[in-house]
Amino acid sequence: MQFFVHHILSPVLRPYVQYVLFNRSDDKNYKRTIRSFANTNFCLGVINNRQLSKSENGTFTMANKPGINSYLTGIYTEPYDCQANGKQDEICIDFTPLGYYHFFHFPAKTFLLNDDVLGEAFGKNAYNLFEKIFQEPDFKRRGNLIEQFLLKKIAVCNQPELTEAIYLTSYYKGNCMVAQIAKTMRCSE
């Protein structure tokens, strides 16, 4: 299994996206348990010819399913394991809470496993883009393509309060609490 972390280069995008993680295995005999630890991010997973599903006993597995498939995991307090086996090509885009509420227009939950999260958030044309991204063998180029795509999706904000909150988050480089920003802005969390 190959792993690569793409750190966000654009200062405009950094308040919204922490990083992009690529997981790829070309080995049909690959078998491993991957543990995801508790965190405060929202991960949009995009998988080529596979799908993440949850079994009745609570185990997460990857199963074969043609095409581009997606899932969304959210803030969770306990680690979870995923059984990965066979060939796999997965992109995990880790959004900050601010990024989640900017890009996704449905309520956050601990786990959102949904076949059409990608299309619901970014439109049906996003599938065509990710097909092209999966054809790109270089992870760094993949990361740059995803950054360009997300930068195009950031709408110009005409809400001064939101602009100030984004600026403060960027100013503190993410090392601040929501309560601290609310106090500085003199508003509720």
Side-chain angles (χ1 to χ4, degrees), residues 1-8 16-97 99-100 103-147 149-150 153:
M1 176 73 83
Q2 297 173 297
F3 298 100
F4 180 81
V5 177
H6 174 82
H7 299 280
I8 300 303
Y16 300 99
V17 181
Q18 286 204 327
Y19 56 84
V20 181
L21 174 66
F22 298 96
N23 306 315
R24 181 172 60 202
S25 172
D26 294 325
D27 180 2
K28 65 180 180 180
N29 297 316
Y30 178 81
K31 189 170 186 172
R32 184 170 177 193
T33 299
I34 298 172
R35 176 161 279 189
S36 183
F37 292 96
N39 63 65
T40 59
N41 296 332
F42 292 90
C43 172
L44 171 63
V46 184
I47 312 170
N48 193 20
N49 295 314
R50 306 281 279 172
Q51 180 181 22
L52 182 70
S53 60
K54 187 175 181 179
S55 66
E56 290 179 17
N57 67 3
T59 304
F60 291 89
T61 58
M62 292 281 186
N64 291 332
K65 183 175 181 187
I68 304 297
N69 299 287
S70 62
Y71 65 87
L72 185 66
T73 61
I75 297 171
Y76 47 94
T77 57
E78 298 291 326
Y80 74 91
D81 292 334
C82 179
Q83 304 300 317
N85 53 37
K87 291 183 178 184
Q88 178 178 323
D89 199 354
E90 177 183 30
I91 299 168
C92 299
I93 305 170
D94 273 34
F95 292 90
T96 63
Y100 176 82
F103 287 107
F104 300 92
H105 303 288
F106 38 85
K109 296 179 183 175
T110 300
F111 277 98
L112 299 170
L113 298 175
N114 184 334
D115 290 348
D116 197 25
V117 174
L118 182 64
E120 192 171 339
F122 297 109
K124 296 295 180 189
N125 289 335
Y127 291 101
N128 297 332
L129 172 73
F130 277 91
E131 282 178 8
K132 290 177 185 172
I133 289 172
F134 281 116
Q135 291 172 4
E136 173 58 58
D138 183 80
F139 289 137
K140 191 172 186 175
R141 284 191 218 128
R142 282 183 175 194
N144 291 336
L145 289 169
I146 291 169
E147 269 200 59
F149 171 72
L150 293 173
K153 295 294 182 179

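As a basis for the values below, the full set of heavy atoms in this structure was taken, side chains included, without hydrogen atoms, waters or symmetry mates. For reference, positions follow the sequence shown, starting with 1.
A pairwise comparison of heavy atoms in Y127 and G119 identifies OH-N, 3.3 Å as the closest pair. Nearest heavy atom pair, residue F134 against residue V46, reads CZ-O, 3.4 Å. Scanning both residues, E136 and R141, for their nearest heavy atoms gives OE2-NH1, 3.1 Å. Between V17 and I8 the shortest heavy-atom distance is O-CG1, 3.4 Å. Among all heavy-atom pairs drawn from C92 and C43, the shortest one is CB-SG, 3.5 Å. In plain terms, the two heavy atoms of G143 and F22 that are nearest each other are N-CZ, 3.6 Å.
The CG atom of N64 sits 10.5 Å away from atom CD of Q51, with the distance rounded to the nearest 0.5 Å. In this structure, NZ on K54 lies 14.0 Å from OH on Y71, to the nearest 0.5 angstrom. The CE atom of M62 lies 4.5 Å from the CD atom of Q88; values are rounded to the nearest 0.5 Å. Once rounded to the nearest 0.5 Å, the distance linking NZ of K124 with CG of L118 reads 9.0 Å. The line from CD1 of I34 to CZ of R32 is 6.0 Å long, rounded to the nearest 0.5 Å. Here the CD-NE2 distance, from Q18 to H7, works out to 11.0 Å after rounding to the nearest 0.5 Å.
For the 3.5 Å distance criterion, the side chains of N23 and E90 qualify, holding a donor opposite an acceptor.
Using a 4.5 Å heavy-atom cutoff, the side chains of V20 and F139 are not in contact. For the pair I133/F149, no side-chain contact is recorded, criterion being any heavy-atom separation below 4.5 Å from C-beta on. Using a 4.5 Å heavy-atom threshold, the side chains of F42 and I93 count as separate. Within the 4.5 Å cutoff, no side-chain heavy atoms of T73 are placed close to those of S36. L145 has its side chain out of reach of K132: every pair of non-hydrogen atoms, C-beta onward, lies at least 4.5 Å apart.
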| Where do N41 and Y100 land on the side-chain contact (heavy atoms from CB on, under 4.5 Å) test, with the steps shown first? | CA-CA 8 Å; N41 296 332; Y100 176 82; over 6 Å; no

| task | Begin with the C-alpha distance, continue with both residues' side-chain angles, and end with the deciding distance and a verdict on side-chain contact (heavy atoms from CB on, under 4.5 Å) for D94 and L21. | result | CA-CA 8 Å; D94 273 34; L21 174 66; 5.8 Å; no

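Of the possible polar contacts, one joining the N69 side chain to the R50 backbone as a donor-acceptor pair under 3.5 Å is found. Judged purely by atom type and a 3.5 angstrom limit, T96 uses its side chain to pair as donor or acceptor with the backbone of Y16. The backbone N or O of I68 sits nowhere less than 3.5 Å from a side-chain atom of N48 that would complete a donor-acceptor pair. Side chain of R24 to main chain of F4: no donor-acceptor pair is present (N/O by atom type, distance under 3.5 Å, no hydrogens or angles).
Taking the six-membered ring for Trp and the full ring otherwise, F103 and F95 have centroids separated by under 6.0 Å.
Ion pairing between a basic and an acidic side chain is recognised when a charged N comes within 4.0 Å of a carboxylate O; R35 and D81 show such pairing.
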